[in-house]
Amino acid sequence: MTSTPASPRARRGGRSARHALRTARDDRMMPGLTRGIPVCDVMDGAQVERIDAASMDILENVGVLFRDPVAIRDWRAVGAKVQGEMVYLDRGLVRDLIATIPADFTYSARNPANNLRLGGPHSIFVPMTGAPYLRDLDDRRRSPTLDDLAMFHKLSHMMPALHSSAHHIVEPCDHPISHRHLRITYSSMKHSDKTFMGMTTSPRNAEDVLEMCAILFGEAFMEQNPVTTGNCNGNSPLVWDETMLGAMRAFCRRNQPVLCSPFVLGGANTPASVPATVAQLNAETLSALAYTQVIRRGCPAIYGHYLSTVSMRSGAPMAGTPEISLMNFMIGQMARHYGVPWRTSSLLGGAKTFDAQAGYESAATLAAVIHSGANYIWHSAGWNEAGMHCSVAKFITDAEQCAMAFRMAEGPKWDDIDTALAAIPDVGPGGHYLGHPHTQANFQTAFFMPELFDNNSIEQWQAEGSQEITGRALALARKLLGEYREPKLDEARNEALLDYIARREREIPAAEALNQEY
């Protein structure tokens with residue numbers, strides 16, 4: 001029996017189908033980054049030991065202010081020296097406590113396909129949070145709403161290199177402050193099935209978030225599996241306050257990781273010195289990491305920081321400076337010295353629009369962060385104006401930059417070197433590889449092809465409307481939102497979450513203040 005040859009129409013249809021398959025957008029989340037390139041160590045062993053010794057001297061002799069009666073009682077119970085609210089931490093006690101922090105762990109997402117390992121060579125990209133303004137789909141700066149937050153959560157879900165929907169990427173200013181944590185958490189859960197962050201704006205808010213996580217994942221599951229991330233900022237120099245410590249206790253007691261993050265403005269709340277700033281920051285972080293283990297031995301915790309330097313002309317925070325890069329390299333070495341995962345911030349910009357300054361600052365920071373070996377790479381999309389606004393255009397472009405950084409950090413791929421080398425004698429001197437079978441089989445994956453950067457001739461660019469990067473990014477954002485398909489929550493869990501939110505909104509006064517008591 002002989003087969004009937006395909007008609008020209010059928011053959012064209014086959015080519016069209018293959019072309020459609022090749023050009024279809026794949027929005028599936030990329031796996032967590034497993035770094036395949038060396039880290040950049042700017043300190044030798046003796047310098048690492050010097051920073052460690054300086055930090056331990058600060059903890060033992062200067063002390064850390066814990067403005068929280070519960071923490072003071074906890075520190076006394078484990079034998080720390082306490083005078084009023086000042087805690088003096090013996091280096092032996094600190095080393096004993098931080099030794100029980102897991103070197104790596106795995107986040108469980110609502111969709112198990114989006115689970116992520118963190119620590120060692122394993123890293124994730126997380127969007128920015130906390131912006132009180134946005135630059136919207138029309139590139140207009142304004143106050144955000146809950147719908148705007150949902151938009152960013154949807155975009156986070158659709159950008160493959162973003163591994164999380166974070167939490168309040170922008171502040172939903174159309175909801176009372178005391179209720180926002182509930183709506184923010186639900187938006188993170190509803191619009192994406194990736195991992196997300198949990199609000200730590202007050203201890204009671206943190207407890208609400210964790211109760212919602214228990215509804216979504218199950219209390220027993222959370223006992224064994226990290227499902228969210230809290231962030232606790234210290235007040236440099238050398239202060240931890242009651243709000244952050246109370247939220248930290250809520251997360252650690254439920255075995256959920258927290259970022260222990262001093263808020264560093266180099267030269268303002270640290271010495272005007274790179275090594276001395278790192279020594280102080282390291283002491284602050286170690287004091288918080290140690291306290292997580294006082295709360296619950298063995299719970300996951302992440303060495304964190306928010307890192308900026310201050311302009312000595314104006315006092316304004318700066319992004320993308322050489323010193324920030326150097327400090328990221330040094331902090332990475334210290335975190336590896338203690339064997340704990342660590343967090344940093346990436347793609348930060350101080351520009352007021354998505355301009356060349358924003359691009360240069362963000363690129364400089366991203367390059368340093370990748371080479372520093374950071375694990376939890378936060379503020380990886382949208383950050384501009386020193387965090388005062390999240391730009392939709394920058395969010396989309398930053399996410400593509402994360403994909404490019406991911407590819408670079410994987411390192412060279414050696415799996416097809418033999419077949420690629422075999423193409424060289426096939427082509428020979430003076431030929432070209434465009435039509436070679438190896439090129440035809442690998443052209444889509446051999447070299448990263450940015451979707452947003454225009455590398456065409458100026459004539460083609462002009463013929464297509466002379467659109468610059470902001471316009472292209474906004475057009476892509478609109479396209480993605482038009483194609484978005486919600487990853488539906490289980491109906492029973494969704495109803496339980498909405499019931500919990502409704503009850504808590506009845507119980508909590510709708511006030512323009514944090515929920516501290518209810």
Side-chain angles (χ1 to χ4, degrees), residues 35 38-62 64 89-105 118-123 231-234 236-238 240 257-266 269-271 273-293 300-309 321-346 365 368-378:
R35 193 173 55 255
V39 294
C40 179
D41 289 338
V42 298
M43 297 186 290
D44 60 29
Q47 290 166 330
V48 169
E49 293 294 342
R50 186 171 184 181
I51 294 292
D52 174 74
S55 299
M56 295 300 179
D57 285 343
I58 292 168
L59 293 173
E60 289 180 336
N61 301 313
V62 180
V64 179
L89 294 174
D90 175 80
R91 66 189 66 197
L93 175 62
V94 171
R95 294 193 200 285
D96 175 67
L97 288 168
I98 64 174
T100 58
I101 297 172
D104 64 74
F105 58 86
L118 188 89
H122 306 291
S123 304
N231 178 59
C232 296
N233 283 124
S236 298
L238 300 165
W240 291 94
V258 290
L259 312 173
C260 300
S261 304
F263 195 90
V264 167
L265 300 170
N269 60 11
T270 72
S273 157
V274 166
T277 292
V278 172
Q280 178 189 302
L281 180 156
N282 191 54
E284 293 166 336
T285 306
L286 289 175
S287 67
L289 289 171
Y291 186 56
T292 67
Q293 304 306 292
I302 299 170
Y303 185 125
H305 64 81
Y306 172 76
L307 186 60
S308 181
T309 54
T321 66
E323 292 76 21
I324 293 174
S325 295
L326 288 170
M327 285 190 273
N328 267 313
F329 295 140
M330 295 168 75
I331 292 162
Q333 285 190 257
M334 298 312 299
R336 289 188 289 276
H337 178 70
Y338 302 119
V340 295
W342 72 286
R343 163 252 161 147
T344 190
S345 302
S346 180
T365 307
V369 163
I370 292 298
H371 288 290
S372 67
N375 302 115
Y376 196 97
I377 307 175
W378 196 8

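Just so you know, these numbers come straight off a predicted model, no measurement behind them.
- Closest heavy-atom contact between Ala301 and Leu289: CB-CD2, 3.9 Å.
- Between the CG atom of Leu281 and the CZ atom of Phe263 there is a distance of 12.0 Å, given to the nearest 0.5 Å.
- Between Ile302 and Leu118 the shortest side-chain heavy-atom distance falls below 4.5 Å.
- A side-chain donor-acceptor contact under 3.5 Å links Ser123 to the backbone of Ala374.
- Applying the salt bridge (Lys or Arg N to Asp or Glu O under 4.0 Å) rule to Glu60 yields the partners Arg91; only residues at least two apart in sequence or on another chain are considered.
- When side chains are defined from C-beta on, Asn328 counts as touching His305, because their heavy atoms get closer than 4.5 Å.
- Once rounded to the nearest 0.5 Å, the distance linking CG of Leu307 with CE of Met327 reads 4.5 Å.
- Residues passing the salt bridge (Lys or Arg N to Asp or Glu O under 4.0 Å) test with Asp104, sequence neighbours excluded: Arg117.
- Met56 pairs in a side-chain contact (heavy atoms from CB on, under 4.5 Å) with only one of the listed residues (Leu89, Val94, Asn61), which is Val94.
- For Thr100, the side chain to side chain donor-acceptor pair (under 3.5 Å) partners two or more places apart in sequence, or in a different chain, are Gln293.
- The structure places OG1 of Thr365 at 11.5 Å from CD1 of Ile370, a figure rounded to the nearest 0.5 Å.
- Under the rule for a side-chain contact (heavy atoms from CB on, under 4.5 Å), the partners of Asp41 that lie at least two apart in sequence or sit in another chain are Val39, Gln333, Arg336.
- Within the model, atoms CD1 of Ile377 and OG of Ser346 stand 6.0 Å from one another, a figure rounded to the nearest 0.5 Å.
- Within a 6.0 Å radius of CZ in Arg95, more than 12 heavy atoms belonging to other residues, nucleotides or ligands are found.
- In plain terms, the two heavy atoms of Pro262 and Trp240 that are nearest each other are N-CH2, 4.3 Å.
- Residues Asn231 and Arg343 have side chains in contact (heavy-atom distance under 4.5 Å, counting atoms from C-beta outward).
- Residues satisfying the ring pair (Phe, Tyr, Trp, His ring centres under 6.0 Å) criterion with Tyr291, sequence neighbours excluded, are Trp75.
- In this structure, SG on Cys40 lies 8.5 Å from CG on Leu326, to the nearest 0.5 angstrom.
- Here the side chains of Leu286 and Ile98 are in contact, with some heavy-atom distance below 4.5 Å.
- Partners of Ser55 under the side chain to side chain donor-acceptor pair (under 3.5 Å) rule, at least two apart in sequence or in another chain, are Asn282.
- No side-chain heavy atom of Ile331 sits less than 4.5 Å from a side-chain heavy atom of Thr285.
- Between the side chains of Tyr338 and Asp52, at least one donor N or O lies within less than 3.5 Å of an accepting N or O.
- At least one side-chain heavy atom of Ser287 sits under 4.5 Å from a side-chain heavy atom of Leu59.
- Contact annotation: the side chain of Val64 never approaches that of Glu284 to less than 4.5 Å [non-hydrogen atoms, C-beta and beyond].
- Atom-to-atom distance recorded for His371:NE2 and Arg35:CZ is 11.0 Å, nearest 0.5 angstrom.
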